[in-house]
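Read the structure below first, then the notes.
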Amino acid sequence: MPKIDFEQALNAEQLAAATAPDGPALVLAAAGTGKTRTLVYRVAYLVEQGIDPGRILLLTFTNRAAQEMLERASDLVAGVSGIWGGTFHHLANRLLRRHAPVLGYGNTYTILDRDDSVTLVRRIIQDAKLQGREFPRPAVLLSLLGQATNKEQPLAGAVDGWFSDAAVTAAFGPEDVLKVLTTYTEQKRELDAMDFDDLLLNGLRLLREHDELRERYGEQFQHLLVDEYQDTNSLQAQCVDLLAGVHRNLTVVGDDFQSIYSWRGADYRNIMSFQQRYTDAKIYLLETNYRSVPEVLEVANVCIEGSRNQFPKTLRATREPYKTPTIVRLRDGSEQSFFVMQQVASLRREGYKLSEIAVLYRAHFHAMELQLQLSRDQVPYTITSGVRFFEQAHVKDVCCFLRVLQSDEDVMAFSRLLELLPGIGPKSSQRIWNKLGRKCDIYDLDLRHQIAEMLPAGAKAGWGNMEAAMPSGMSGVRFLGELVDAFVQTFYHDFAVETFENHRNRLDDLQGMSNYMERFESLTDFLGDIALLSNLDAEVEHLQEPGESLRLSTIHQAKGLEWSAVIVLWLVDGMFPSSRSLAESEEGEDEERRLFYVTVTRAKDELILCVPESRRMHDHSVIPCEPSRFITEIPPELVQEHMV
DNA sequence: CCCATCATGGTTTTT
DNA sequence: CCATGATGGG
């Protein structure tokens with residue numbers, strides 16, 4: 001492979017960052033300034049300098065981002081494939097798979113997704129006889145626990161705080177809530193299970209509490225690179241600091257003004273205080289924007305000015321002037337949908353491909369009306385829904401089958417699998433589990449026979465079909481995918497046809513999953529990986545339709561991406577900014593503003609902002625809408641009004 | 001004990 | 001309008 005010509009490929013700002021000397025480095029990369037490119041070249045640079053790829057760690061916000069960067073880097077230099085790359089959760093899982101026993105977990109601990117956690121909490125609430133209208137929902141309790149965990153605050157304080165905020169009636173008190181959540185934590189232990197937050201917390205504990213592990217991995221990772229550093233939370237930042245403690249070769253990249261995950265515990269003060277924690281840190285500024293036309297950047301700059309608490313920055317445009325962004329006043333949601341259809345058609349006439357256009361919005365439900373319209377007019381579109389690939393019922397069902405093959409203690413998987421059978425609900429599955437001695441070695445033929453005996457007549461045939469798909473032992477399994485194929489063939493195909501309207505799509509998903517599994521060495525690897533897959537990650541794997549389609553996305557999921565034309569829906573007060581985040585905290589408005597900044601800076605050529613004047617509520621009443629404050633503060637000369 | 005049916009209450013963002 | 005929880009028949 002020829003030597004890389006860095007001077008040719010990068011501008012001076014990027015070059016300095018990509019070839020930065022050893023030691024801590026903070027790269028402040030404003031939107032569209034080639035942050036990813038710089039990181040890719042930084043990786044290639046390190047490898048070219050002779051750093052062993054196995055000693056480089058690249059932490060990113062999604063697994064896909066890591067994958068893409070490493071692919072691009074491997075086009076530049078050989079040997080990149082040995083690099084450790086992925087999300088924090090991914091890294092934590094990888095470390096814990098090896099070392100969980102030092103924290104009292106087994107090597108085959110299971111990962112609870114949101115669904116599992118909610119189910120567990122719901123059961124605890126019921127067992128404690130606390131269920132009822134008044135008692136907070138499992139999801140609310142879990143987010144409370146999550147906040148406390150990610151910010152490392154005591155749970156009792158968080159619970160008390162919630163009570164003082166929520167003006168709750170006296171049917172129950174903080175101690176009840178606390179009890180439920182402590183029970184939840186205990187039960188996870190008994191189940192040898194971790195939820196997403198546990199992965200992070202326990203990953204950190206490995207490094208914090210076990211000197212030999214901290215030294216070992218600190219030694220191993222000679223270079224650390226962290227992308228989207230502005231969206232790290234306290235646990236993640238500490239994890240980075242501990243790992244970088246030995247060599248101190250830490251490059252963090254981010255933009256404080258694109259921090260949009262504070263509700264998940266992200267703290268942009270991590271990036272703001274980087275210099276204080278690493279006083280010898282070198283700072284690199286990337287301010288030359290290659291993405292957007294100057295007219296779009298001017299709107300972005302107005303948005304920045306409205307905020308405080310940030311590194312001063314100016315986005316310098318390099319592109320030629322083009323069009324002024326458009327504000328469109330619309331009567332209501334249906335006129336908005338109609339307008340978007342028109343606009344997409346007109347953009348296509350201008351020569352844009354569908355895949356170069358995106359429709360962005362604050363919350364998933366803002367796009368419902370448009371989705372209907374797109375389906376009616378048969379415009380192909382891709383949407384990343386709120387439900388993650390792994391959390392869809394059919395994928396979870398099959399994964400539970402695999403989990404039962406993998407572990408004899410996974411009661412959640414066992415129950416779910418049995419509950420697929422007719423006439424079996426939570427009570428029956430629990431009863432059977434208990435009768436089996438709260439353990440189920442599925443390879444024990446005698447045990448399977450016992451299960452069959454305990455089932456009601458209507459469920460026996462289905463169980464027989466499930467059994468037919470079970471291997472006699474994992475040693476005989478040549479390809480992991482054949483487990484899924486067999487299960488689908490003997491049982492799930494028929495089940496899906498009876499249960500799901502869209503069974504064709506779902507069975508296709510499972511076929512895709514079976515193919516995807518071939519690259520894994522063990523069920524444990526696969527199950528850990530798929531549980532941590534994000535929506536966007538999964539899409540690459542199972543959507544794979546190269547066909548042209550329009551992209552619909554929440555702004556959060558649009559992070560890091562770009563399109564030639566961007567259409568933004570529902571720029572009205574209460575929806576964007578969302579009234580909830582304004583109410584929640586002082587800093588709510590700031591974060592909504594940053595979110596608007598992220599939105600604007602996704603656009604390369606054209607930016608179209610939709611401002612409906614009224615909104616139909618679920619009870620069919622129509623209420624008027626005020627334009628979003630982010631719209632009214634844009635000076636009129638920077639935008640053109642479009643009348644419909 | 002399971003499951004279909006009805007009522008009621010409430011919608012942000014996600015690894 | 002959808003998802004969740006309560007209710008009552010099988």
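Every chain is numbered from 1, with letters handed out A, B, ... down the list of sequences. As the structure is a prediction and not an experimental result, all values here were calculated from the model.
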To the nearest Å, give me how far apart [atom1] ([X]) and [atom2] ([N]) are.
| X | N | atom1 | atom2 | result |
| --- | --- | --- | --- | --- |
| A:Leu421 | B:dC3 | CG | C1' | 15 Å |
| A:Trp570 | B:dT12 | CH2 | P | 16 Å |
| A:Met194 | B:dT15 | CE | C1' | 16 Å |
| A:Ile111 | B:dT15 | CD1 | C1' | 11 Å |
| A:Ile125 | C:dA6 | CD1 | P | 11 Å |
| A:Gln147 | B:dT14 | CD | P | 15 Å |
| A:His556 | B:dT15 | NE2 | C1' | 13 Å |
| A:Glu592 | B:dT12 | CD | C1' | 8 Å |

Looking at [Y], I'd like to know if the NZ or CZ of [X] sits under 6.0 Å from its six-membered ring centre while staying within 45 degrees of the ring's axis.
| X | Y | result |
| --- | --- | --- |
| A:Arg94 | A:Trp84 | yes |
| A:Arg189 | A:Tyr109 | no |
| A:Arg594 | A:Tyr268 | yes |

Gap in Å between the two C1' atoms, one belonging to B:dT12 and one to C:dG5, rounded: 23 Å

When you check the phosphate oxygens OP1 and OP2 of [N], does a side-chain N or O of [X] lie under 4.0 Å from one of them?
| X | N | result |
| --- | --- | --- |
| A:Gln557 | B:dT14 | yes |
| A:Ser581 | B:dT13 | no |
| A:His366 | B:dT13 | no |
| A:Arg122 | C:dG5 | yes |
| A:Ser428 | B:dC2 | yes |

Inspect the surroundings of OH in A:Tyr381 and state if more than 12 heavy atoms from other residues, nucleotides or ligands are less than 6.0 Å away.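 Above 12, so yes.
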
Under the rule for side chain to side chain donor-acceptor pair (under 3.5 Å), what residues qualify as partners of A:Asn150, not counting sequence neighbours?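 Expected list: A:Asp197, A:Asn233.
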
Who pairs with A:Lys151 by side chain to side chain donor-acceptor pair (under 3.5 Å), at least two apart in sequence or on another chain? A:Gln147

Nucleotide nearest A:Phe196 (side chain, heavy atoms from C-beta), chosen from B:dT12, B:dC2, B:dT15: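 Selected nucleotide: B:dT15.
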
Please pick, from B:dT12, B:dT14, B:dC1, the nucleotide with the shortest atom-to-atom distance to any side-chain atom of A:Arg264.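 Out of B:dT12, B:dT14, B:dC1, the nucleotide with an atom closest to A:Arg264's side chain is B:dT14.
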
List the residues meeting salt bridge (charged side-chain N to carboxylate O under 4.0 Å, His left out) with A:Glu626, not counting sequence neighbours, and say none if there are none. none

Sequence neighbours excluded, which residues qualify as salt bridge (charged side-chain N to carboxylate O under 4.0 Å, His left out) partners of A:Arg580?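 Expected list: none.
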
Judged by modelled atom types alone, do A:Tyr217 and A:His99 share a side-chain donor-acceptor pair under 3.5 Å? yes

Between A:Tyr184 and A:Ser117: side-chain donor-acceptor atoms closer than 3.5 Å: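 Checked: A:Tyr184/A:Ser117 side chains pair up, N/O donor to acceptor below 3.5 Å.
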
DNA chain C in dot-bracket form (Watson-Crick or G-U pairs under 3.5 Å, [ ] crossing, | inter-strand) is ||||||||||

5'-most by nearest nucleotide on DNA chain B - A:Ile260 or A:Arg431: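 Result: A:Arg431.
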
Which comes earlier along DNA chain B counting from the 5' end, the contact point of A:Ala363 or that of A:Asp197, where each point is its nearest nucleotide? A:Ala363

Residues from residues 225-239 of chain A sitting under 4.0 Å of DNA chain B, heavy atoms only?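 DNA chain B contact set from residues 225-239 of chain A: none.
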
Looking at every strand, decide which applies to A:Phe88 at a 4.0 Å heavy-atom threshold: base, sugar-phosphate, or nothing.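 Counting heavy atoms under 4.0 Å across all strands, no contact is made by A:Phe88.
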
Tell whether A:Arg580 reaches the base of B:dT12 with its side chain through a donor-acceptor pair below 3.5 angstrom. no

Any carboxylate oxygen within less than 4.0 angstrom of a Lys/Arg side-chain nitrogen, looking at A:Arg629 and A:Glu592?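 The answer is no: the pair does not qualify as a salt bridge.
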
Can A:Trp263 be called stacked on B:dT13 when the rule is centres closer than 5.5 Å and an angle between planes below 30°? yes

